[in-house]
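Residues: numbered from 1 along the sequence shown.
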Amino acid sequence: SYVGLFALVDEYRNNGNYDGALHCINEAKKMEPKDYNVYLTEAYVYEKKKDYKKEIECANMAKTLLDNKEKSRYDKFFHQDGFVAKYIFKEKNSGYVRTYSRLADANYKLKNYNAAVDYYSYIIENGVYKYTDAYFYRGICLYHLGKKQEALQDFKKHQEIINNYLILHLYNNIWDMENFV
């Protein structure tokens, strides 16, 4: 089945069988050539293969399909407006943030820092939750671009988010222990 192909892709990719994963992706493309998730999943495989140019190519195709508002059979199956889409991303479709994440990371790895900054900024601006990695990696890119003050602000924001998370996590664990006793 169509959704089953995605499960096989994950299994193959996680086991290092990238040819098997790409074969399944090609089968999925035959079934749903306009589903951005197929290309986004392909981008993840190319990330694992460390072929960042191909990762960018696939992510750009996913972005084009999203821009054209093509329907996703994969999203329909996994309830696009479910928990993740509603509570983590400002948009109903989390595909944009996931696609921009692929574009940001690949451009970062290729040292295309200006492009990576733009993509990380999109993630920061469009994610409801504070995506600490986006701040951290955007900070590294800004540093390489000679924008050290802006980089420092991103590193501080990254640290602030982590500290707040740790405090909240610690508080919740203490509260749970007090109620458990």
Subject >> Non-neighbouring partners of D10 that pass side chain to side chain contact (heavy atoms under 4.5 Å, CB included), sequence neighbours left out >> reply: R13, N14
**OP:** Please tell me if the side chains of E42 and K29 come closer than 4.5 Å, counting only heavy atoms from C-beta onward.
**Re:** yes
**OP:** Name all residues meeting the side chain to side chain contact (heavy atoms under 4.5 Å, CB included) criterion together with K34; count only those two or more places apart in sequence or in a different chain, and write none if there are none.
**Re:** L65, E70
Subject >> Heavy-atom pair of closest approach, residues A116 and Y108 >> reply: CB-N, 3.7 Å
**OP:** Using a cut-off of 6.0 Å, state whether more than 12 heavy atoms not belonging to H144 lie near its atom NE2.
**Re:** yes
Subject >> Heavy-atom side-chain proximity of V38 to Y2 below 4.5 angstrom >> reply: yes
Subject >> Point-to-point distance, once rounded to the nearest 0.5 Å, from OG of S1 to CZ of R73 >> reply: 7.5 Å
Subject >> Heavy-atom closest contact (A134 atom, I123 atom, distance) >> reply: CB-CG2, 4.1 Å
**OP:** Measure across A59 and A43 and return the closest heavy-atom pair with its distance rounded to 0.1 Å.
**Re:** N-CB, 4.1 Å
Original post:
Would a hydrophobic clustering, with Ile, Leu, Val, Met, Phe, Trp and Tyr connected at side-chain separations under 4.5 Å, put I56 with Y36?
Top reply: yes
**OP:** Consider only side-chain heavy atoms of I, L, V, M, F, W and Y, link residues closer than 4.5 Å, and tell whether V45 and L8 are in one cluster.
**Re:** no
Original post:
Who pairs with K49 by side-chain hydrogen bond (donor to acceptor under 3.5 Å, both in side chains), at least two apart in sequence or on another chain?
Top reply: none
Subject >> Listed partners of K109 passing side chain to side chain contact (heavy atoms under 4.5 Å, CB included), at least two apart >> reply: E47, Y52
Subject >> Sub-4.5 Å side-chain heavy-atom contact between V117 and S121 >> reply: yes
Subject >> OH-OG distance between Y120 and S101, expressed to the nearest 0.5 angstrom >> reply: 7.0 Å
Original post:
Yes or no on side chain to side chain contact (heavy atoms under 4.5 Å, CB included) for D105 and R102, after CA distance, side-chain angles and deciding distance?
Top reply: CA-CA 5 Å; D105 292 348; R102 294 282 38 87; 3.4 Å; yes
Subject >> Common cluster, L152/L145, ILVMFWY with side-chain heavy-atom separation under 4.5 Å >> reply: no
**OP:** Test D154 against H158 for side chain to side chain contact (heavy atoms under 4.5 Å, CB included), laying out the working first.
**Re:** CA-CA 6 Å; D154 273 1; H158 172 258; over 6 Å; no
**OP:** Indicate the ring-plane relationship of Y100 and Y122, choosing parallel, tilted or perpendicular according to the 30° and 60° boundaries.
**Re:** parallel
**OP:** Output the distance between atom CG (D67) and atom OG1 (T99), rounded to the nearest 0.5 Å.
**Re:** 9.5 Å
Original post:
Between D51 (side chain) and K54 (backbone), is there a donor-acceptor pair under 3.5 Å?
Top reply: yes
Original post:
Quick one: are I140 and F155 in side-chain contact, heavy atoms under 4.5 Å?
Top reply: yes
Subject >> Non-neighbouring partners of Q159 that pass side-chain hydrogen bond (donor to acceptor under 3.5 Å, both in side chains), sequence neighbours left out >> reply: N163
**OP:** Measure across L103 and N107 and return the closest heavy-atom pair with its distance rounded to 0.1 Å.
**Re:** O-ND2, 2.8 Å
Original post:
What are the two closest non-hydrogen atoms of V9 and A21, and how far apart are they?
Top reply: CG2-O, 3.6 Å
Original post:
Are M61 and Y96 connected in the hydrophobic side-chain network, where two residues link if heavy atoms are under 4.5 Å apart?
Top reply: yes
Subject >> Residues that N37 engages under side chain to side chain contact (heavy atoms under 4.5 Å, CB included), provided they are two or more places apart >> reply: F6, D35, L40, S72, Y74, D75, R98
Original post:
Would a 4.5 Å heavy-atom cut-off, applied to side chains only, mark E57 and Y46 as touching?
Top reply: no
Original post:
Do you know the tightest heavy-atom contact between Y39 and P33?
Top reply: OH-O, 3.2 Å
Subject >> In one Ile/Leu/Val/Met/Phe/Trp/Tyr side-chain cluster, 4.5 Å: Y143, Y137 >> reply: no
